[in-house]
Protein chains: 2
Amino acid sequence: MKNSQLYKGSLNTIIMKLLEENGKMYGYEITQKVKAITQGELNITEGALYPALHKLEAEGFLDVEIEKIDNRMRKYYKLTESGEKETVNRLSELEDFIRNMQSLVNPKLEF
Amino acid sequence: MKNSQLYKGSLNTIIMKLLEENGKMYGYEITQKVKAITQGELNITEGALYPALHKLEAEGFLDVEIEKIDNRMRKYYKLTESGEKETVNRLSELEDFIRNMQSLVNPKLEF
DNA sequence: CAAACATACATAAGTTTCTTATACATAACA
DNA sequence: TGTTATGTATAAGAAACTTATGTATGTTTG
């Protein structure tokens with residue numbers, strides 16, 4: 001995996017955005033979706049993903065629903081009402097972050 | 001300081017980009033420059049900055065030159081040759097990162 | 001048909017990067 | 001004379017991650 005340090009700190013925002021967009025998703029599905037969208041560039045590891053999901057749930061931003069599909073367990077996550085509000089904030093922070101990083105990297109656009 | 005988690009991992013890239021652009025800079029100058037460029041949104045703390053500079057120096061990416069200006073010490077840092085090459089790589093990673101994050105957040109542009 | 005790969009979740013140990021707090025020193029300002 | 005600005009530094013702790021491992025089922029392939 002060639003994930004750079006830059007992705008550190010962005011995992012929660014990625015998870016929440018995907019859930020906002022897709023209604024409900026399970027962990028493995030999230031990793032596959034991210035891989036597809038980034039053309040294989042970003043691979044979320046289970047060691048990062050599952051603790052992150054558990055924490056978002058503990059914070060009240062996600063609800064869980066367990067289903068047994070094809071004899072295999074799936075834990076579907078979806079945003080709570082509080083999680084939806086938080087997602088809006090985090091996406092706004094992400095936009096600010098990207099804008100700031102672009103100002104730093106591309107100073108010609110600093111106006 | 002309202003820095004979000006998102007900036008985690010981006011400090012080294014920011015430092016190296018500013019040094020690439022400005023030739024040589026000292027620590028305090030970097031914090032002020034970043035604050036100015038981001039209109040006060042990103043405030044790099046000393047506790048993050050100085051260890052980062054020391055590490056980049058230890059890795060051979062930065063050279064130091066101490067000057068005494070106005071009776072106060074300044075440690076000017078500049079990129080080594082190796083540091084310049086590494087900066088190109090990190091800026092390329094940053095561009096990929098930003099592109100990927102925009103794909104994730106703005107799926108309409110996924111083509 | 002056995003081994004490898006894909007699906008699916010989980011956690012523990014260790015690393016890295018950061019925040020927070022503290023420390024030292026000079027200069028300017030109110 | 002106390003606060004703010006300039007300037008560097010480190011130590012303790014928190015947070016997010018990587019790496020490794022574990023469990024279990026289903027599918028594909030040599």
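Chain naming here is simple, since letters A, B, ... match the order of the sequence lines and numbering starts at 1 in each. The figures here come from the full heavy-atom set of this structure, side chains too, leaving out hydrogens, waters and symmetry mates.
Axis angle between the ends of the helix from dC1(C)-dG30(D) to dA30(C)-dT1(D), five pairs each and rounded to 10 degrees, works out to 20°.
For Arg99(A), the side-chain hydrogen bond (donor to acceptor under 3.5 Å, both in side chains) test picks out Asp96(A), with sequence neighbours left out. Taking the side chain to side chain contact (heavy atoms under 4.5 Å, CB included) definition, one finds that Thr31(B) meets it with Tyr28(B), Ile44(B), Leu49(B), sequence neighbours left out. In this view, Lys35(B) and Gln32(B), Asn43(B) satisfy the side chain to side chain contact (heavy atoms under 4.5 Å, CB included) rule, not counting sequence neighbours. Checked against salt bridge (charged side-chain N to carboxylate O under 4.0 Å, His left out), Glu46(B) has no partners two or more places apart in sequence or in another chain. Among residues two or more places apart in sequence or in another chain, the side chain to side chain contact (heavy atoms under 4.5 Å, CB included) test is passed with Glu29(A) by Met25(A), Tyr26(A), Tyr76(A). Looking at residues two or more places apart in sequence or on another chain, you find a side chain to side chain contact (heavy atoms under 4.5 Å, CB included) between Asn89(B) and Glu86(B).
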Using nucleotides 5-8 of chain D, report all nitrogen or oxygen pairs with the protein that are shorter than 3.5 Å.
unit_1: dT6(D); atom_1: OP2; unit_2: Tyr28(B); atom_2: OH; d: 2.1
unit_1: dT6(D); atom_1: O5'; unit_2: Tyr28(B); atom_2: OH; d: 3.0
unit_1: dT6(D); atom_1: O2; unit_2: Arg72(B); atom_2: NE; d: 3.2
unit_1: dG7(D); atom_1: OP1; unit_2: Arg74(B); atom_2: NE; d: 3.1
unit_1: dG7(D); atom_1: OP1; unit_2: Arg74(B); atom_2: NH2; d: 2.8
unit_1: dG7(D); atom_1: OP2; unit_2: Tyr26(B); atom_2: OH; d: 2.8
unit_1: dG7(D); atom_1: O3'; unit_2: Met73(B); atom_2: O; d: 3.4
unit_1: dT8(D); atom_1: OP1; unit_2: Lys75(B); atom_2: N; d: 2.9
unit_1: dT8(D); atom_1: OP2; unit_2: Gly27(B); atom_2: N; d: 3.4
unit_1: dT8(D); atom_1: OP2; unit_2: Tyr28(B); atom_2: N; d: 2.6
unit_1: dT8(D); atom_1: OP2; unit_2: Tyr50(B); atom_2: OH; d: 3.1

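Within a 6.0 Å radius of NZ in Lys33(A), other residues, nucleotides and ligands contribute 12 heavy atoms or fewer.
Comparing Asp70(A) and Ala48(A) against DNA chain D, the residue whose closest nucleotide sits nearer the 5' end is Ala48(A). Between Gly47(B) and Ser10(A), the one whose closest nucleotide on DNA chain D sits nearer the 5' end is Gly47(B).
Considering only side-chain N and O atoms, Asn71(A) lies under 4.0 angstrom from the phosphate OP1 or OP2 of dG26(D). Taking side-chain N and O atoms only, Lys55(A) has a distance below 4.0 Å to OP1 or OP2 of dA16(D).
Here the side chain of Asn12(A) is nearest to one of dA16(D), dT11(C), dT25(D), namely dA16(D).
dT19(C) atom C1' lies 13 Å from atom CG of Asn43(B), rounded to whole Å. In this structure, Leu53(A) places its CG atom 12 Å from P of dT11(C), rounding to the nearest Å. The distance from atom CD of Gln5(A) to atom P of dC17(D) is 10 Å, rounded to the nearest whole Å. Distance, Leu6(A) CG to dT18(D) P: 12 Å, rounded to whole Å.
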Could you tabulate the donor-acceptor pairs under 3.5 Å formed by side-chain atoms of residues 52-71 of chain B, not counting sequence neighbours?
unit_1: His54(B); atom_1: ND1; unit_2: Tyr50(B); atom_2: O; d: 3.3
unit_1: Glu67(B); atom_1: OE2; unit_2: Lys24(B); atom_2: NZ; d: 3.0

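Ion pairing between a basic and an acidic side chain is recognised when a charged N comes within 4.0 Å of a carboxylate O; Glu93(B) and Arg90(B) show no such pairing.
Residue-level contact check: Gly9(A) touches the backbone only, with heavy atoms under 4.0 Å from sugar-phosphate atoms and none from bases.
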